[in-house]
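Throughout, a chain's letter reflects where its sequence line sits, starting with A, and its residues are numbered from 1.
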Amino acid sequence: MTEPAIRIASMHKYYGSFHALKDINLEIAKGEKVVICGPSGSGKSTLIRCINRLEEHHSGVIEVNGTPLDDNVDNIDEIRREAGMVFQNFNLFPHMTVLENCTLAPVLARKIDRGAAEETAMRYLARVKIPEQAHKYPGELSGGQQQRVAIARALCMAPEIMLFDEPTSALDPEMISEVLDVMVGLAEEGMTMVCVTHEMGFARQVADRVIFMAEGQIIEQAPPDQFFDNPQNERTRTFLSQIVGH
Amino acid sequence: MPAHHPVIPAELPRQNVLTWLRSRYFATRRDAAVTIVFAAFVAWILWSLIGWALLDATFAPNAGEVCREDLHGGACWSVVSTRWRIVLFGLYPFEEQWRSAIACIVMVIVAVLSCLPWFWSAKRLPLLWTAGFAIFYVLMRGGFFGLAEVTEQNWGGLSLTIFIFAAVSLLGMPLAIVFALLRRSSLPWIARTMALVIDVIRSLPLLSIMFTFAIVLPFVLPEGLTGDKLYRVIVGYALFFACYQAEIIRGGMQALPAGQEEAAKALGLGYWHRIGYIILPQAFRNALPPTINQFVITFKETSLVTIIGFFDVMASGRAASGTADWNFAVVEMYVFVGLIFFVFVFSLSRYGAYLERRLGVGRR
């Protein structure tokens, strides 16, 4: 048995006195695609933000590729280089061109020379189907294009894991599919993926496992067929009927 | 024709100057009356100004006697054409003033060059300024290469003003960045201590800080750490500058969405990379207008060094018209000094406007 890509054991997280994540236990295998869903405030974003230390957990263990996430800054930076993240609001750097957005971290954090980094960046920009935008600024692109740049930017670091935090929630409806297409392609190539999303079609198509969270706990997890067709928990059923029912 | 008036109403496409004037300034009887009264007033003021400054003025050097007996009462620019060297060079020895002039020009060239985007790199900018200060110092101070030594106490005039301004800015800006970063440190005791230091220094008048550094510090610091009075004043002024500028930079940082730093973290960029490539460039862009403002204020307040016995351009101007021969031409001298300040400050604010336009690219 190889070591899991992500291992979380007895993990708790508090905001002041608010108990945001309660006793999270989760293992994600290499190459596995996991979709996390749940009502707002259920802690799903907090959970994946704990995986790359954008949020600090208070007790328990988080390991990424066997590297423990503790106060050691080198470990944190190592994990962040291995786990790319895509945000709801894209968070592209507005003062840099698309190409500069994509080459900055490889050049600075991976010490790759600029020429090679630009070549890699252009390859990934071609893959997300916007190579012609390389010299534009993020402000000149549509939301869907910006999110595809954000995915390319994360991929340029050659991560082994990709974390998606509601990547389509801030997009206009007609732009959602162009981003999901890129994510599906990524999944088909065997990337380990953790996605917080409400795109249930996407979950059905690519997920190996769907996790339902509520009030800071993992309530139910199952393969998509079983999860959608035969949910075990009452709250899962209520949630599914709410998001599918309209 | 009216093309240079951008606010022409769209429904009047082919109007000429007359109809434009009429619709703008003579639309009603009352409008016409107000326009005429004010136009007459402005014309009268302009006419007296031109008369004083140009038509009735005396320009020739060494014409103090002519000015005194002049019945028209025009400006006596003679004071400027006779004694301009004092304004520009202060107490600097007369035969050596060419050095001061070159030093001054070198500094201005360095300042202008550093405004060009080509020099905006971590290598070129420090190199440029180090070279600029080295040339300035060697020329002004002398004692090398057969140049006669002129101590800081005899530096003065415009050269001294430019030197103080450049030194304060260059020392103060890195210090301001450090202060701003400490101020937002994640360790509360560091952040709070820095906040206290900034608040204390900001609550003191600049004058008292200069005075403390110039006069009091030598009694407190051990021998050998004190340096020349001029440099102590510059350090004190730089500290004062840094506290204000640090708050300006902090404001620029706070305007950034939290997602910017998070995205940089998520890419595995370390602290200094995040600060240097993501946070500061955007913070400076946000904080550009108040930063230019700060430079303008700093340039003008260099005049305060006169209180501890340095003759900056302002004090030199006063000295130049302060003799018995010229004491009637104080206004002319102030106008001249004011013009010097205007040239520098106005270029600075135009440069600020250019930067704002340039940096606005790509951000919508």
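The main-chain N or O of Tyr277(B) is found under 3.5 Å from a side-chain atom of His95(A) such that the two form a donor-acceptor pair.
For the pair Gln260(B) and Pro94(A), the minimum side-chain heavy-atom distance is below 4.5 Å. Using a 4.5 Å heavy-atom threshold, the side chains of Leu54(A) and Lys265(B) count as touching.
Counting heavy-atom neighbours within 6.0 Å of Lys30(A) NZ, excluding the residue itself, gives a total above 12. When the shell of 6.0 Å around CZ of Arg192(B) is examined, it contains 12 or fewer heavy atoms from other residues, nucleotides or ligands.
Residue contact with chain B, scored on non-hydrogen atoms closer than 4.5 Å, is absent for Ile79(A). Looking at Ala150(A), there are no atoms closer than 4.5 Å to chain B (heavy atoms on both sides), in backbone or side chain.
The contact list for residues 102-130 of chain A toward chain B, using heavy atoms and a distance under 4.5 Å, reads Leu104(A), Ala105(A), Leu108(A), Ala109(A), Lys111(A) by residue number.
Within the structure, the salt bridge (Lys or Arg N to Asp or Glu O under 4.0 Å) test picks out the following pairs touching residues 41-69 of chain A (sequence neighbours left out): Arg7(A)-Glu63(A), Lys13(A)-Glu55(A), Lys44(A)-Glu166(A), Arg49(A)-Glu55(A), Arg49(A)-Glu262(B), Arg53(A)-Asp71(A). The salt bridge (Lys or Arg N to Asp or Glu O under 4.0 Å) pairs that include a residue from residues 32-43 of chain A are Glu32(A)-Arg209(A), where partners are two or more places apart or lie in different chains. For residues 146-161 of chain A, the side chain to side chain donor-acceptor pair (under 3.5 Å) pairs, not counting sequence neighbours, are Asn65(A)-Glu160(A), Asn101(A)-Arg153(A), Arg148(A)-Glu178(A).
Here the CG atom belonging to Leu267(B) is positioned 11.5 Å from the CZ atom belonging to Arg81(A), to the nearest 0.5 angstrom. Between the NE2 atom in His273(B) and the CG atom in Asp77(A) there is a gap of 10.5 Å [rounded to 0.5 Å].
Minimum interatomic distance between Phe93(A) and Ala263(B) (heavy atoms only, all atoms of both residues): CE2-CB, 4.0 Å. Considering all non-hydrogen atoms of both residues, Met85(A) and Ala266(B) come closest at CB-CB, 3.9 Å.
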